[in-house]
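Please read these numbers as outputs of a predicted model, since none were measured by experiment.
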Amino acid sequence: MKLFKALTAKLQTNLFKNSLWGILSNIFQNILFSVFFIVIARQYETHDFANYIIANTLYSFVAGFSTLGLGSWFIRELMHSEDKKALIDKFLKIQLYLGLVFYVFNVGISFVLYDSSLIRSLSLIIGINVIFDNLIYMIKFMNIAQFEQKKSFVILTVEALLKFLLACLLLIKTVPIIYLSVMLIVLRLVTLNLFIKFGSSNQINIRHILYAKVDRQEIKKIVAANWSFVIIASISVIYWRIGNIIVSKYLTLVDVANYEVSYRLFSMAEILPVIVASSIYPLMINAHKLGLPNMKPIYKNAFLAYAAYGLMAYTFVYSFSDLIIPFLFGDKYLETAAYCNEMFLTILIFPTALIQAHVLLTMKLEKLDMICNVASLVINLLLCFIGLHYFKSLSVINYAIFFSFLAFHLVQDIVLIRRKVTTVLHVTSFYAGSAAIVFGFYFLSDYINKIYLYFIFWAVLALIFAGVFFKWFYKKQVPVINQPEVADPLIP
């Protein structure tokens, strides 16, 4: 009964409600987006599909830093600002300016990097998303700060439904890839209007935004004071998208398609930790105001859950990728499963690295986190170029991502140990436990069918964990009864 009450209390928290809405809606959205992506991969020739991916990658690459990573800064400022309306208008106008500038930049790099007229034409169209995304980005972070992510999730679900309907039309009649890109821009414009009208709680007025006074010096001042956020937010996108650009320049269009299919599946696995982390971040900020001891339990509980999730996600893909990928994308992607397994090595450490990054931001160590991100990106690029010099294989890109992420995680661990947030025992237990589970799974898969093994393996671990948890929980609930002291008759 006590356990039931404790669980019920947890279900009533803002963290659970926002995270649940985020997870459910994002799962639904990604199912629909994935259907759209699968239809494109099946309906178009590899040449057109790969060129579309390249143009889309360039847009995603630029969009990664077009907002200058000011979302986390905006959340912090909005939670403390007395004049929230003025801050919202000013920030939205800044994002509009930045979107226009980086759209031009997106088109420019497409002409510099590629001679293909198709890639250039697609970049002119798809790049418009940079402008729309900057404005949507601001409204989404406004909702996060006010614990109203539900609005963002509903609108993005509507967009996913519209894309799904477009995918259904493509099954009936395939249109040229250029026309498809125009249709997608129109859908994104509809999404932006929904965010402005329904997703902002009437806090956005276009006239006020246009008349908001924001001069260049003020933008420079904000960016100069928060330039570390720019690096942190942009690297998270660049980290993955730079891989696709490198593949497109050094390997084949088939490798471009294989990388993108693997990344799409990886991005689906990111949903849960990213959404939950966005809800945990404001909680950690409020807890940290009361002192480090108040924040540490939130971090430790999240770390444990994230570590378990990473292991379950990796072993799932390792077990089922040979079946799932050909079934979804067709027989021309039979070889993709092996590359997908390589990419998913990173999911073992991505979730815990994410929550530790939020801890650093909470402690206002964003510059240190920025240095870690830059160092990790440099390691990634060095490993890519050195590896591709000797081996022309997509595996080089996947392993470069994993080892550079591992280096990033290790540096985080060292910082948090020194800051008394975690301990050496906690860190070593994480790496040793993760390695034991992964290698144990590899060993058992030689003797047991991987599909059956996945369910048996995690069922056994779940039972062990449940036994330990219940024993700990009820032991914690049992009151200690102080017995009155009785004089020992043998002692004079």
Side-chain angles (χ1 to χ4, degrees), residues 19 236 239 266 269-277 280-281 283-284 287-288 292-293 295-318 341-363 365 368-369 371-373 375-376 379-380 398-444 454 457-458 460-469 471-472:
S19 298
S236 63
Y239 211 96
F266 186 92
E270 290 179 326
I271 295 171
L272 192 149
V274 170
I275 292 298
V276 175
I280 290 176
Y281 182 48
L283 296 181
M284 288 198 296
H288 190 259
L292 183 61
M295 185 195 70
K296 287 169 68 174
I298 299 175
Y299 156 68
K300 289 182 177 180
N301 291 334
F303 187 96
L304 180 62
Y306 275 34
Y309 175 79
L311 289 164
M312 293 183 70
Y314 175 72
T315 51
F316 177 84
V317 169
Y318 181 78
N341 292 343
E342 294 170 356
M343 181 176 285
F344 262 79
L345 282 170
T346 306
I347 203 67
L348 293 170
I349 49 179
F350 170 81
T352 49
L354 178 66
I355 198 65
Q356 293 193 155
H358 279 76
V359 171
L360 294 178
L361 293 179
T362 300
M363 299 173 69
L365 297 175
L368 182 59
D369 188 40
I371 293 172
C372 295
N373 275 278
S376 180
I379 293 172
N380 182 19
N398 292 327
Y399 285 122
I401 292 172
F402 171 70
F403 284 111
S404 57
F405 233 102
L406 180 60
F408 175 64
H409 201 292
L410 287 168
V411 174
Q412 286 182 328
D413 295 331
I414 294 170
V415 172
L416 294 179
I417 289 172
R418 290 182 175 179
R419 295 278 176 167
K420 309 296 184 183
V421 177
T422 189
T423 62
V424 174
L425 178 61
H426 179 266
V427 171
T428 53
S429 297
F430 165 67
Y431 289 112
S434 298
I437 290 174
V438 170
F439 286 112
F441 197 89
Y442 287 161
F443 175 77
L444 293 173
Y454 180 80
F457 188 84
W458 286 107
V460 172
L461 286 183
L463 288 173
I464 295 172
F465 175 79
V468 173
F469 172 77
K471 183 178 179 181
W472 168 83

Next item on the list: Just do the side-chain contact (heavy atoms from CB on, under 4.5 Å) check on Thr422 and Phe303 with the steps written out, would you?
Entry: CA-CA 11 Å; Thr422 189; Phe303 187 96; over 6 Å; no
What's the shortest heavy-atom distance between [X] and [Y], and which atoms?
{"X": "Lys300", "Y": "Val421", "answer": "CE-O, 4.0 Å"}
{"X": "Asp413", "Y": "Tyr431", "answer": "OD2-OH, 2.5 Å"}
{"X": "Ser376", "Y": "Phe405", "answer": "OG-N, 4.0 Å"}
{"X": "Leu354", "Y": "His358", "answer": "O-ND1, 2.9 Å"}
{"X": "Lys420", "Y": "Lys296", "answer": "O-NZ, 3.2 Å"}
{"X": "Ile347", "Y": "Ala269", "answer": "CD1-CB, 4.1 Å"}

Next item on the list: Over 60° means perpendicular and under 30° means parallel, so classify the ring planes of Phe430 and His409, tilted if in between.
Entry: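 Taking Phe430 first and then His409, their aromatic rings lie parallel (interplane angle under 30°).
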Check: Parallel under 30°, tilted from 30 to 60°, perpendicular over 60°: which one fits the rings of Phe344 and Phe266?
Finding: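 It falls in the perpendicular class, over 60°.
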[X] versus [Y]: any side-chain heavy-atom pair under 4.5 Å?
{"X": "Leu416", "Y": "Leu360", "value": "yes"}
{"X": "Arg419", "Y": "Val359", "value": "no"}
{"X": "Trp458", "Y": "Phe316", "value": "no"}

Spacing of [atom1] belonging to [X] relative to [atom2] belonging to [Y], to within rounding of 0.5 Å:
{"X": "Met363", "Y": "Tyr299", "atom1": "CE", "atom2": "OH", "answer": "10.5 Å"}
{"X": "Ile401", "Y": "Ile379", "atom1": "CD1", "atom2": "CD1", "answer": "13.5 Å"}
{"X": "Leu444", "Y": "Phe439", "atom1": "CG", "atom2": "CZ", "answer": "13.5 Å"}
{"X": "Asn398", "Y": "Asn341", "atom1": "CG", "atom2": "CG", "answer": "10.0 Å"}
{"X": "Ser429", "Y": "Leu304", "atom1": "OG", "atom2": "CG", "answer": "11.0 Å"}
{"X": "Ile280", "Y": "Met295", "atom1": "CD1", "atom2": "CE", "answer": "11.5 Å"}

Next item on the list: Report the C-alpha distance between Leu311 and Leu348 in whole Å, list the side-chain angles of each, state the deciding distance to 0.1 Å, and finish with yes or no for side-chain contact (heavy atoms from CB on, under 4.5 Å).
Entry: CA-CA 6 Å; Leu311 289 164; Leu348 293 170; 3.7 Å; yes
Check: Do side-chain atoms of Tyr306 reach the backbone of Ile349 as a donor and acceptor pair under 3.5 angstrom?
Finding: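 No: the side chain of Tyr306 does not pair with the backbone of Ile349.
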Notebook entry, point to check: What do the steps show when you test Leu345 against Tyr399 for side-chain contact (heavy atoms from CB on, under 4.5 Å), and what is the final call?
Noted result: CA-CA 8 Å; Leu345 282 170; Tyr399 285 122; 3.7 Å; yes
Margin query: What verdict does the side-chain contact (heavy atoms from CB on, under 4.5 Å) test give for Gln356 and Val415, after you've listed the backbone C-alpha separation in whole Å, the side-chain angles of each residue and the deciding distance to 0.1 Å?
Written below: CA-CA 10 Å; Gln356 293 193 155; Val415 172; over 6 Å; no
